[in-house]
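A short write-up of the structure that comes next.
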Amino acid sequence: MSAGAAEPQVGVKLVSHFATVEQQKRAAVLGMWAWLLTELLLFAGLFLTALILRLTHPEAVQAAARHLKFWIGATNTVVLIGSSLTMSGAIQLSRLGWQRGMVRFMLATAALGTLFLALKGYEYYADYQEHMMPFLSDRPYALKDSPPSRLFVNLYYVATSLHGLHLMTGITILLAMTWQASRPGFLKQHQNRIEIFGLYWHFIDLIWILAFPILYVLNR
């Protein structure tokens with residue numbers, strides 16, 4: 001660096017086992033994509049089973065789907081799309097070196113994710129009140145004479161609770177990263193962490209964008 005040149009505000013600290021920073025970035029992106037693809041296969045199996053059940057037992061699935069809270073699913077879709085926008089904003093601001101704005105967008109993303117979980121928790125509570133939890137032995141299932149509907153509802157809970165677990169994990173990581181990112185010098189050494197986490201967050205949003213029409217829309 002020449003004398004008097006400004007110190008870069010954005011960068012990545014090179015780890016010893018990589019030859020260049022670019023190689024390190026590519027390896028991190030490749031590793032995240034490889035893991036996300038395995039997670040996508042997991043959700044794909046659940047969604048495919050739900051679609052097959054819809055084709056083979058349409059009336060039973062529709063009867064169960066009528067108990068799903070469409071307005072909550074639709075609202076949560078908007079909430080997660082909004083969180084993708086704020087996460088994208090955080091990534092863009094991190095590239096520009098605008099640390100304060102980046103932190104605010106990260107907090108907004110975490111807040112939207114928390115709102116999603118709160119709405120989902122309310123939906124689960126409503127399902128509990130309506131006896132739509134077939135795995136609870138002490139509360140008779142409302143559609144007990146329809147085994148296909150029971151299977152669909154169980155698939156719904158597995159898929160949405162698994163998605164909620166991913167989201168809860170993402171919020172925890174995001175809050176920890178936000179605390180780190182608020183400290184001076186973070187973007188000079190760890191800007192790529194924001195980029196890599198952004199892939200994970202967008203993946204969470206993508207899964208819900210698939211889940212909403214498959215579980216809530218097609219079955220109505």
Side-chain angles (χ1 to χ4, degrees), residues 1 4-18 20-37 39-40 72-122 160-212:
M1 183 182 295
E7 184 179 357
Q9 297 299 308
V10 178
V12 177
K13 182 180 179 181
L14 182 64
V15 181
S16 59
H17 53 274
F18 290 104
T20 64
V21 169
E22 287 304 316
Q23 182 190 44
Q24 180 176 329
K25 288 181 178 179
R26 287 196 299 270
V29 171
L30 178 61
M32 178 56 78
W33 272 114
W35 181 72
L36 291 179
L37 286 175
E39 295 296 289
L40 183 59
I72 296 181
T75 302
N76 267 342
T77 302
V78 175
V79 168
L80 276 194
I81 291 175
S83 76
S84 268
L85 294 176
T86 55
M87 190 66 228
S88 295
I91 293 171
Q92 292 300 324
L93 291 176
S94 75
R95 293 171 180 171
L96 296 172
W98 296 0
Q99 186 168 340
R100 182 175 298 180
M102 176 196 70
V103 168
R104 289 176 178 172
F105 270 74
M106 292 169 73
L107 288 174
T109 303
L112 289 171
T114 303
L115 175 60
F116 178 99
L117 291 178
L119 288 170
K120 197 64 195 168
Y122 174 77
T160 56
S161 61
L162 190 58
H163 174 266
L165 179 62
H166 280 74
L167 180 56
M168 191 179 304
T169 302
I171 293 171
T172 303
I173 295 173
L174 180 57
L175 290 175
M177 190 179 297
T178 302
W179 176 75
Q180 293 176 344
S182 64
R183 302 162 78 178
F186 176 85
L187 286 178
K188 294 179 182 179
Q189 296 185 331
H190 306 299
Q191 188 275 333
N192 65 320
R193 294 183 182 179
I194 308 298
E195 303 264 1
I196 298 303
F197 179 79
L199 292 176
Y200 176 74
W201 193 268
H202 292 321
F203 168 79
I204 296 174
D205 296 350
L206 172 63
I207 292 301
W208 183 257
I209 289 173
L210 294 174
F212 176 65

Approximate separation, where rounding is to 0.5 Å, of [X] [atom1] and [Y] [atom2]:
X: M177; Y: S182; atom1: CE; atom2: OG; value: 12.5 Å
X: M87; Y: L199; atom1: CE; atom2: CG; value: 9.5 Å
X: L85; Y: L112; atom1: CG; atom2: CG; value: 9.5 Å
X: L93; Y: R104; atom1: CG; atom2: CZ; value: 10.5 Å
X: I207; Y: T160; atom1: CD1; atom2: OG1; value: 13.0 Å
X: L80; Y: D205; atom1: CG; atom2: CG; value: 4.5 Å

query: Taking atom types as modelled and ignoring hydrogens, do the side chains of W201 and T109 form a donor-acceptor contact shorter than 3.5 angstrom?
result: no

Would you say [X] and [Y] make side-chain contact, with heavy atoms under 4.5 Å?
X: T86; Y: M106; value: no
X: F212; Y: N76; value: no
X: L167; Y: W208; value: no
X: I209; Y: I81; value: yes
X: T169; Y: Y200; value: yes
X: S88; Y: H202; value: yes
X: H163; Y: F116; value: yes

message: Strictly distance-based, threshold 3.5 Å: is any side-chain N or O of Q99 a donor or acceptor partner for the main-chain N or O of S94?
response: no

What are the two closest heavy atoms between [X] and [Y], and how far apart are they?
X: I171; Y: T114; result: CD1-N, 3.5 Å
X: L119; Y: T75; result: CD1-CG2, 3.8 Å
X: A110; Y: L175; result: CB-CD2, 3.8 Å

field: Whether over 12 other heavy atoms sit under 6.0 Å from W35 CH2
entry: yes

Axial cation check for W179 ring with R183, 6.0 Å and 45° limits: yes

field: Sequence-distant partners of H166, side-chain hydrogen bond (donor to acceptor under 3.5 Å, both in side chains), two or more places apart
entry: E39

- prompt: Would Q92 and M102 satisfy side chain to side chain contact (heavy atoms under 4.5 Å, CB included), going step by step from the backbone distance to the final call?
  reply: CA-CA 8 Å; Q92 292 300 324; M102 176 196 70; over 6 Å; no

message: Test of understanding: with salt bridge (Lys or Arg N to Asp or Glu O under 4.0 Å), list the residues that count as partners of E195, not counting sequence neighbours.
response: R95

message: For K120 and I72: C-alpha separation, side-chain torsions, deciding distance, then whether side chain to side chain contact (heavy atoms under 4.5 Å, CB included) applies.
response: CA-CA 7 Å; K120 197 64 195 168; I72 296 181; 5.6 Å; no

